[in-house]
Structures are given as C-alpha cells and as structure tokens.
Amino acid sequence: MNDFELHIAELAGQTKVQQLVYSITEAISTGKLKVGDALPSVNQLSLESGFSRDTVFKAYNILKRRSVVESAPTKGYYVANESFKVFMLLDDFSAFKEQLYQSFRTDLPEAYSVDLLFHHYNHEVFRQLVQNSLGRYSMYVIMNIDHKSVDPILEKIDTNKLLIIDMGKPDNDKMNYLTQNFYESVISCLEQGADAIKKYEELVLIYEENNTPHPSETAKAIKKFCKKNQVKYVKNAHFEVSELKKGQAYFVIRDADLVKIIKECRKRNLVLGKDVGVLSYNDTPMKEIVGNGISVISTDFEEMGKRAAAFVKNKLRTEIVLPTYVKLRDSL
C-alpha cells in the first residue's frame with residue numbers, strides 16, 4: 001500500500017464490511033490513496049484490521065463492483081478509480097429542484113455517485129436522514145429546513161465536507177453555504193418591475209407563513225415595496241376564486257396557486273398581463289411558455305447546481321449568496 005496505513009473508521013450502526021468500504025473510499029477521496037496505489041492483500045488487511053478474511057473479501061468485492069478497486073494476478077488489489085459518494089438532501093421534488101440536481105449531476109465526474117433524498121420540511125425526517133448518513137459519505141450537500149437557523153444535527157458533519165444550499169443562516173462561521181437572499185434582492189427585483197406592477201390597482205400576495213416553508217422575508221419585502229411606491233397591498237392566505245377581479249396583480253409563491261389563477265382567468269376570459277397580472281416565485285422552463293410567459297422572480301438553480309458541484313469537486317471554502325433576478329414576461 002505504498003507505506004500507507006489504513007485507518008479503520010469505527011462508525012456507529014455500520015457493519016465491519018461497511019466500515020472497511022468507507023475507510024478505503026475515504027482514503028481515496030481525501031487523496032491519501034491515489035489511482036494505481038496497491039492495497040494490502042486479503043490476508044494482510046485481515047491481520048492489520050483484526051477483521052476476518054471473509055469480511056475483507058466482501059469489502060473488496062463491493063469496491064470492485066463500484067469499479068473503485070480492481071485486482072490482477074501480478075498486482076493484487078489496487079485503486080482503479082477515484083471514489084466519491086455524495087449525500088444530497090433536498091426539500092422536495094419540483095421542476096426547479098430537478099434543474100438544480102441535473103446541473104449538479106452533469107458537472108460531477110462519472111466516478112462520483114450521488115444519493116438523492118428529500119425531507120419534505122419534516123424536522124424528524126430531516127434529522128433522521130442526516131443521522132443515518134453520518135460517516136457514510138465523502139461530501140454532503142444539504143438544503144436546509146429553516147431560513148432563520150441551521151439545524152444542530154448538521155454540526156455533526158465535518159464542516160469541510162458540508163455545503164448548505166438555498167436557505168439558512170449558518171451560526172458557525174466555518175460552515176460553507178450557497179444560498180439566496182429573500183429580502184433585499186426581492187425588493188430590488190420589484191423595483192425593476194415597478195412600472196409594470198403600477199399598471200394594476202393592487203398587488204395581492206398569496207402567502208400563509210405558518211403553512212409554507214418560504215421565508216417570511218419575501219412578504220416583508222413586498223410590503224415595503226408597496227408602501228414606498230404607493231401600491232395597494234393585500235396579503236391573503238389562500239387564493240379565493242370569488243375575489244379575483246380586473247385590475248389585480250398577483251404575487252404567488254406556490255405553483256398550485258399559480259395554476260388556479262390561470263385557470264380562473266381563462267374561465268372568465270380575463271387576459272393575463274392586461275386584465276390581471278401575475279408574478280411568480282422561482283422560474284421553470286414551463287413558466288417561459290405558459291400563458292405566453294409567466295413573469296418571475298427567481299435565483300438561477302442551474303447555477304446553484306454547478307457551484308455545488310464545484311464545491312464537491314474542489315473542496316474549497318464556499319460563502320456565496322446567489323443573485324436573484326426578475327424576468328418580465330407577458331403575464332405582467
């Protein structure tokens with residue numbers, strides 16, 4: 001093994017086979033073992049680790065199936081490829097999260113494997129998934145569950161291997177983050193679209209703080225913009241069909257509310273962008289074409305995926321707040 005001494009990580013909840021697999025892949029991912037380096041024989045590793053020959057053989061077989069390790073009659077076991085296993089935990093599955101993931105996956109080498117899971121804003125599920133992942137992955141990319149703080153369970157992960165994405169304010173100044181701004185950036189976007197918004201008699205925000213994970217800072221930003229620009233501001237917890245009327249501009253967070261508004265406008269022959277305005281949060285390819293285009297305020301989720309992949313590949317300190325943009329389309 002080129003004088004390299006393998007450190008066996010004793011991880012809670014893992015079998016001896018899993019401990020061996022993790023320890024070898026971790027040594028490869030950190031550069032302590034490189035492609036072409038020889039590994040100890042089954043007998044030698046069994047003697048050094050105290051594990052049975054069968055345990056070592058099973059671990060090597062798992063690594064061979066992953067194409068991380070190969071064996072040859074004259075060379076024995078050796079490192080064939082780099083091995084990185086990435087834990088990616090997102091909030092839920094949606095069109096823009098798919099953009100994020102596809103961009104992330106595309107920018108990673110094929111040798112990197114990614115386990116993608118979802119917490120659906122359930123704190124118990126979030127903590128259990130993170131707890132179960134500890135010590136089993138080379139890198140962690142986690143979409144935080146709360147914008148105001150970072151869950152303490154994340155402090156159990158080596159900060160050099162962890163990237164917080166989308167939202168959250170790390171208390172630990174050593175934590176890496178790739179987030180978006182839900183207040184100042186939203187105000188800036190609204191100001192850019194002020195002329196279009198002022199064509200309408202009132203701006204109606206469909207938002208219920210207690211039933212949505214979207215940060216309340218956005219609601220505060222909209223209220224501040226409306227006050228400054230003397231635009232009538234209304235906030236409703238739900239979209240009510242009976243309250244839809246000409247002269248309104250709607251700001252919607254949830255795509256489900258967007259669909260309801262579009263359907264009701266069509267039902268009443270109201271023209272989007274003329275009779276009723278619509279501004280949606282988070283862009284998707286579909287919003288480019290629905291109703292001749294839905295105006296959006298959004299961050300670039302493809303860029304988020306690329307930058308997250310760069311963190312995983314390069315392991316560099318990351319402290320980035322991604323810009324938020326406004327795209328005015330026919331709906332406003």
Side-chain angles (χ1 to χ4, degrees), residues 1-72 75-90 101 104-105 108-119 124-143 151-163 311-313 315:
M1 196 188 263
N2 299 336
D3 298 324
F4 174 77
E5 183 177 348
L6 181 66
H7 172 70
I8 307 297
E10 296 183 7
L11 302 167
Q14 287 198 349
T15 65
K16 292 180 179 180
V17 172
Q18 290 171 328
Q19 289 176 25
L20 271 179
V21 169
Y22 172 79
S23 299
I24 293 171
T25 54
E26 178 71 359
I28 297 170
S29 67
T30 57
K32 294 177 181 178
L33 278 174
K34 302 183 183 303
V35 174
D37 282 354
L39 295 168
S41 67
V42 172
N43 287 336
Q44 183 183 347
L45 187 51
S46 173
L47 183 64
E48 292 175 355
S49 66
F51 295 162
S52 70
R53 292 181 72 261
D54 186 56
T55 295
V56 176
F57 188 73
K58 286 179 179 178
Y60 276 167
N61 272 345
I62 290 173
L63 292 169
K64 286 179 69 175
R65 287 199 299 271
R66 295 180 183 176
S67 299
V68 174
V69 166
E70 293 293 347
S71 63
K75 292 182 66 174
Y77 291 95
Y78 62 94
V79 180
N81 288 293
E82 291 183 326
S83 172
F84 292 90
K85 194 173 181 183
V86 183
F87 178 78
M88 189 174 210
L89 180 59
L90 303 184
Y101 174 74
F104 176 73
R105 179 64 267 188
L108 288 179
E110 290 185 9
Y112 287 54
S113 63
V114 181
D115 284 351
L116 176 62
L117 297 96
F118 300 93
H119 58 69
E124 184 177 344
V125 170
F126 179 87
R127 290 169 187 146
Q128 190 62 53
L129 289 173
V130 173
Q131 181 65 44
N132 291 343
S133 74
L134 296 178
R136 301 186 180 189
Y137 295 87
S138 304
M139 302 294 283
Y140 296 78
V141 177
I142 296 179
M143 191 166 280
D151 196 289
I153 189 70
L154 298 182
E155 294 178 2
K156 294 186 177 183
I157 302 173
D158 182 346
T159 54
N160 296 314
K161 300 180 179 181
L162 171 64
L163 178 67
F311 167 80
V312 169
K313 289 186 294 184
K315 302 175 180 61

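Residues: numbered from 1 along the sequence shown.
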Passes side chain to side chain contact (heavy atoms under 4.5 Å, CB included), V114 versus V312? Steps please.
-> CA-CA 11 Å; V114 181; V312 169; over 6 Å; no
Euclidean distance, [Y] [atom2] relative to [X] [atom1], rounded to 0.5 Å:
| X | Y | atom1 | atom2 | value |
| --- | --- | --- | --- | --- |
| Y22 | T15 | OH | OG1 | 14.5 Å |
| K64 | Y77 | NZ | OH | 5.5 Å |
| F104 | M88 | CZ | CE | 4.5 Å |
| L39 | L45 | CG | CG | 8.5 Å |
| L63 | I24 | CG | CD1 | 5.0 Å |

Please lay out, stage by stage, how K75 and E70 fare under the test side chain to side chain contact (heavy atoms under 4.5 Å, CB included).
-> CA-CA 9 Å; K75 292 182 66 174; E70 293 293 347; over 6 Å; no
If I compare all heavy atoms of [X] with all of [Y], which pair ends up nearest, and what's the gap?
| X | Y | result |
| --- | --- | --- |
| P109 | K313 | CD-CD, 3.7 Å |
| S49 | V56 | OG-CG2, 4.5 Å |
| S46 | R53 | OG-N, 3.5 Å |
| K161 | S138 | CD-O, 3.3 Å |
| Q131 | I153 | OE1-CD1, 3.5 Å |
| S133 | Y140 | O-OH, 2.8 Å |

Give the intermediate values and the outcome of side chain to side chain contact (heavy atoms under 4.5 Å, CB included) for residues L129 and F118.
-> CA-CA 9 Å; L129 289 173; F118 300 93; over 6 Å; no
Between Q44 and E48: side-chain donor-acceptor atoms closer than 3.5 Å = yes
Within-4.5 Å side-chain heavy-atom neighbours: Y60 and L20 | no
Min side-chain heavy-atom separation L134-F87 under 4.5 Å | no
Is there a donor-acceptor contact under 3.5 Å from the side chain of H119 to the main chain of M143?
->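 Indeed, once roles are kept as given, a pair shorter than 3.5 Å links the two residues.
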Hey, does the side chain of S23 reach the backbone of Q19 with a donor-acceptor pair shorter than 3.5 angstrom?
-> yes
With sequence neighbours excluded, tell me which residues meet ring-ring contact (aromatic ring centres under 6.0 Å, His included) with F51.
-> none
Can you name the side-chain contact (heavy atoms from CB on, under 4.5 Å) partners of D115, sequence neighbours left out?
->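 D115: side-chain contact (heavy atoms from CB on, under 4.5 Å) contacts with K85, L117, Y137.
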Let me see the working for I157 and V130 under side chain to side chain contact (heavy atoms under 4.5 Å, CB included), right down to the final yes or no.
-> CA-CA 9 Å; I157 302 173; V130 173; 4.0 Å; yes
Counting only heavy atoms not in K16, do more than 12 sit closer than 6.0 Å to its NZ atom?
-> no
